[in-house]
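Encoded as structure tokens, the structure appears first; notes follow it.
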Protein chains: 2
Amino acid sequence: MASLESSLVQRLRLSDGASRIELARAMELAPSTVGLYVDRLIEQGFLREGAKSRLSAGRPRVLLELNPKAGYFVGVEFEARQLTAISLDFSNRTLKRHRQTLRATDTADTVLSKIEEGVEAVSARGKRLLGVGVAVPGTVDNERGIAVHYEFIRGWQDVPIVETLGEKFGVPIFLENNVRSMALAERWFGLARECENFICLGIRSGIGAGVVLSGQLYRGENNFAGEIGGWVCPAETAPESSSPAKLEELASVRAILNQLAAAIANGRKSALSGRPLRGFTVDDLSRAAREGDQLVLEKLQQAGEILGRTICQMSLLLNPEMVVVAGPLAELGDLFLESMRQAAVRHTPALHARTPRIVASELGQYSGALGAAAQAVHQWEPSL
Amino acid sequence: MASLESSLVQRLRLSDGASRIELARAMELAPSTVGLYVDRLIEQGFLREGAKSRLSAGRPRVLLELNPKAGYFVGVEFEARQLTAISLDFSNRTLKRHRQTLRATDTADTVLSKIEEGVEAVSARGKRLLGVGVAVPGTVDNERGIAVHYEFIRGWQDVPIVETLGEKFGVPIFLENNVRSMALAERWFGLARECENFICLGIRSGIGAGVVLSGQLYRGENNFAGEIGGWVCPAETAPESSSPAKLEELASVRAILNQLAAAIANGRKSALSGRPLRGFTVDDLSRAAREGDQLVLEKLQQAGEILGRTICQMSLLLNPEMVVVAGPLAELGDLFLESMRQAAVRHTPALHARTPRIVASELGQYSGALGAAAQAVHQWEPSL
DNA sequence: TTGACATATTTCGGCGTCGAAATAAATAAT
DNA sequence: ATTATTTATTTCGACGCCGAAATATGTCAA
């Protein structure tokens with residue numbers, strides 16, 4: 001399927017600076033075969049030989065590295081109110097980043113052209129564009145390259161992303177859901193680099209999971225996998241409402257902000273009290289948490305408890321090695337994750353289960369765009 | 001990895017009676033290659049040519065079939081109180097079955113020798129044994145071939161199944177968890193034959209899930225995947241207890257029987273009322289349900305509601321095409337499944353999700369043993 | 001019956017990968 | 001320095017699978 005050339009390049013991305021023999025062992029290929037293809041890739045300008053590494057005795061290994069000048073990839077992502085773009089050279093180093101806000105009034109067409117603007121904003125002149133990845137919220141049809149539906153943008157139905165951008169840029173375009181894209185970013189650049197089985201828990205305006213199993217991103221039968229925002233939660237924690245509460249209504253960023261606003265309206269004290277209701281953002285929340293604001297910490301802990309239980313359920317079903325928490329709150333680190341870890345451990349049965357490592361993503365707000373770019377990087381193949 | 005020969009045989013098992021050209025298309029191989037290997041397999045006695053099928057015009061296809069006399073496979077499974085064994089000839093037809101009960105006093109050694117007895121009981125004289133699959137409850141270490149732990153049998157810790165049976169029978173031995181084994185049975189012989197993504201929900205004394213994704217049985221990082229018996233359930237349905245109730249304590253066969261006993265002790269009327277408390281079995285329960293006993297139906301419905309919600313959660317996370325319900329209650333069919341389906345649909349969000357088909361296994365009580373045998377069948381390779 | 005057509009299977013030359021042996025390039029010992 | 005040792009890379013013959021063309025075996029129409 002994937003040509004040996006591209007597999008070799010992929011492998012080299014994982015462990016930068018490997019020699020021919022290391023590649024051969026890692027990929028279970030004959031050294032002679034690796035030599036053949038490496039020579040070809042060097043000739044084509046995608047790889048180059050670097051320093052020699054000497055290990056005690058024997059002929060030293062010639063380290064191979066990716067040639068940054070071979071071209072670049074672009075990733076674009078958008079979510080509720082924000083669009084980000086990033087470009088990576090052939091050796092996976094960041095070239096440029098770009099950020100722009102989306103308006104509540106933006107229609108599908110507007111957003112589509114902002115995506116194109118994003119690609120152009122991070123483009124490098126003089127180098128060759130090799131591929132573009134696009135990560136969008138809502139449901140996507142990966143095979144047909146169509147963004148199927150997203151409820152918060154007017155007209156965002158069956159948007160032919162791949163076709164449109166393909167005609168404009170003339171390079172391979174890859175479409176993916178944005179939480180899954182964040183999982184890919186963790187797999188290629190983040191904490192899950194060595195991980196075959198992990199879940200990326202994306203907590204933003206909604207909640208979703210990017211599931212990587214046996215080293216492969218898992219999408220499900222209809223590309224709906226990971227939509228755990230709709231999970232029903234134990235009633236004890238639900239607010240007084242008719243139907244049982246859903247995870248997204250209890251522990252998403254949007255939900256936490258709403259809960260804070262409600263608590264403050266009810267007279268609870270907080271560093272955020274002065275502000276007009278609904279006038280504060282995630283950044284305000286984070287700042288208050290770091291400064292030790294009791295109300296904010298309490299709400300974060302409540303959300304953490306629920307998320308920890310959710311992680312426990314996913315872990316019992318899938319037994320992943322790791323759960324990477326992503327989204328703006330991940331930057332709070334242990335301040336946000338500790339209650340999650342405790343809840344997860346508390347609910348995990350002693351036998352027949354193991355609590356996964358729960359870690360905060362270190363990739364920041366560009367992780368979705370990074371994952372989209374990674375998608376293009378990953379699927380790149382040398383043109384003949 | 002798997003030799004082409006064995007892949008061809010596998011493929012032929014899926015669609016019995018395919019021609020060379022059909023195999024070539026299905027496996028994306030060159031017709032010439034398929035011809036080469038098929039000839040070799042015929043020569044070795046594993047395959048044989050059957051009737052010719054004519055489709056309107058053209059040279060007719062020569063149908064290929066598995067040679068039943070090429071050898072046989074054995075599968076053994078045990079659960080709480082029962083051990084089953086089955087043998088299959090090379091063309092996947094059942095040769096013999098065997099069943100025996102386990103006693104509460106049986107130790108690991110006793111059970112191990114009962115497993116061996118099971119293999120011998122279904123063995124066919126004159127034919128060649130090609131492999132044995134063993135499915136056990138609790139946790140297993142597939143790679144090392146060791147049954148790690150099961151709490152309900154004394155001394156069942158780190159039992160070297162593969163080594164022990166391997167020495168005794170001199171053929172490849174395969175070890176698997178029994179719920180996962182049931183999933184394999186569904187994949188090869190049951191309703192999930194054409195299914196790439198499905199979950200087998202095993203409801204017996206405990207509750208577990210066998211997860212098949214992208215056509216592959218998924219085991220998890222530490223072989224713990226599918227242990228959903230420990231899932232915490234919404235408190236509203238929990239009995240008055242200190243800690244939140246677990247799925248297994250609410251909807252397993254054992255739990256339902258306990259609930260029935262408790263209700264009858266509290267004076268509820270039922271066809272089972274006459275019997276001594278705890279004196280009735282699953283079979284009694286099934287009979288009463290078929291006869292329309294109100295109390296039993298009510299309890300089944302309550303369990304179904306909870307299981308339906310569980311299916312919904314799994315479906316949101318993994319978006320499988322199908323959920324196969326297995327275990328003794330599955331034989332009740334819609335009587336047991338209908339409440340499950342309704343609950344699953346009710347809890348599934350309209351967008352971003354699709355409720356999987358929920359079906360009852362048709363494989364009966366030998367499905368675990370069947371799956372174990374399938375494991376051996378599946379991994380068989382022609383000896384040179 | 002015969003020829004035209006359709007489709008399955010086999011034949012055969014070519015390319016890609018492997019495995020073993022040869023060669024290269026370093027260190028360690030004499 | 002020189003030689004032995006160790007390990008990486010390259011060379012080269014072998015084999016497996018592919019693809020296109022040839023061949024086999026049927027149906028259908030005149």
Side-chain angles (χ1 to χ4, degrees), chain A residues 1-12 14-67 381-384, chain B residues 1-12 14-67 381-384:
Chain A
M1 187 70 59
S3 71
L4 261 188
E5 268 108 336
S6 59
S7 318
L8 279 167
V9 171
Q10 301 314 337
R11 186 74 214 180
L12 206 51
L14 282 177
S15 54
D16 213 78
S19 72
R20 289 169 175 82
I21 194 75
E22 289 171 300
L23 288 176
R25 287 182 189 140
M27 301 187 61
E28 299 185 332
L29 287 172
S32 48
T33 309
V34 173
L36 192 70
Y37 283 94
V38 165
D39 289 350
R40 212 174 291 175
L41 283 164
I42 289 175
E43 200 174 336
Q44 291 171 8
F46 295 117
L47 297 187
R48 59 187 189 191
E49 297 192 329
K52 298 178 177 180
S53 83
R54 45 198 121 97
L55 310 93
S56 64
R59 176 173 175 173
R61 302 172 174 182
V62 179
L63 295 182
L64 301 165
E65 51 192 34
L66 299 156
N67 183 357
E381 293 200 16
S383 46
L384 81 161
Chain B
M1 188 69 60
S3 70
L4 260 188
E5 267 108 336
S6 58
S7 319
L8 279 167
V9 171
Q10 302 314 337
R11 185 74 215 179
L12 205 51
L14 282 177
S15 55
D16 214 78
S19 72
R20 290 171 175 80
I21 193 77
E22 288 171 301
L23 288 177
R25 285 183 189 137
M27 302 188 59
E28 298 185 332
L29 288 171
S32 48
T33 308
V34 173
L36 192 69
Y37 283 94
V38 165
D39 289 349
R40 213 173 291 176
L41 283 164
I42 289 175
E43 199 175 335
Q44 293 170 8
F46 294 117
L47 262 47
R48 59 187 191 193
E49 297 191 329
K52 298 178 178 182
S53 83
R54 44 201 121 97
L55 311 93
S56 62
R59 176 173 174 175
R61 302 173 174 182
V62 178
L63 294 183
L64 302 166
E65 52 193 32
L66 299 157
N67 183 357
E381 293 201 16
S383 46
L384 82 163

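This is a predicted model, so every value here is computed, not measured. Below, all heavy atoms of this structure are taken into account, side chains as well, without hydrogens, waters or symmetry copies.
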> Touch check for B:Leu29, heavy atoms < 4.0 angstrom, all strands: base, sugar-phosphate only, or nothing?
Replying inline: sugar-phosphate
> Taking all atoms of both residues into account, what is the closest heavy-atom pair of A:Glu22 and A:Gly17, and its distance?
Replying inline: OE1-O, 4.3 Å
> B:Thr33 side chain N/O closer than 4.0 Å to the phosphate oxygens (OP1, OP2) of D:dC18?
Replying inline: yes
> Counting side-chain heavy atoms from C-beta on, which of D:dG19, D:dT25, D:dT6 comes nearest to B:Ala30?
Replying inline: D:dG19
>> On a heavy-atom basis, which atom in A:Asn67 and which in A:Gly45 lie closest, and how many Å separate them?
In response: ND2-O, 3.0 Å
>> Quick check: on DNA chain C, is the nucleotide nearest A:Pro60 upstream (toward 5') of the one nearest A:Val34, or the reverse? Name the residue that is more 5'.
In response: A:Val34
>> C:dA25, OP1 or OP2 - any side-chain N/O from A:Lys52 closer than 4.0 Å?
In response: no
> Mapping A:Ala57 and A:Leu36 to their closest nucleotides on DNA chain D, which lands nearer the 5' end?
Replying inline: A:Ala57
>> Whole angstroms only, please: what is the CD1-P distance between B:Ile21 and D:dG26?
In response: 17 Å
>> By nearest atom, which of the nucleotides C:dT10, C:dA8, D:dT9 is closest to the B:Pro31 side chain?
In response: C:dT10
> Between A:Asp39 and A:Gly58, which is nearer to the 5' end of DNA chain D once each is assigned its nearest nucleotide?
Replying inline: A:Gly58
>> Looking at every heavy atom in both B:Ser3 and B:Pro382, which two are closest together, and how far apart are they?
In response: OG-CD, 4.3 Å
> Closest approach of B:Pro31 and B:Ile21, non-hydrogen atoms and distance?
Replying inline: CG-CD1, 4.0 Å
>> OP1 or OP2 of C:dT10 versus the side-chain N and O atoms of B:Arg59: is any pair under 4.0 Å?
In response: no
>> Whether B:Arg20 contacts C:dA8 is assessed here as follows: a side-chain N or O lying under 4.0 Å from the phosphate OP1 or OP2. Is that the case?
In response: no
> Does the side chain of B:Ser32 get closer than 4.0 angstrom to OP1 or OP2 of D:dA20 through an N or O atom?
Replying inline: no
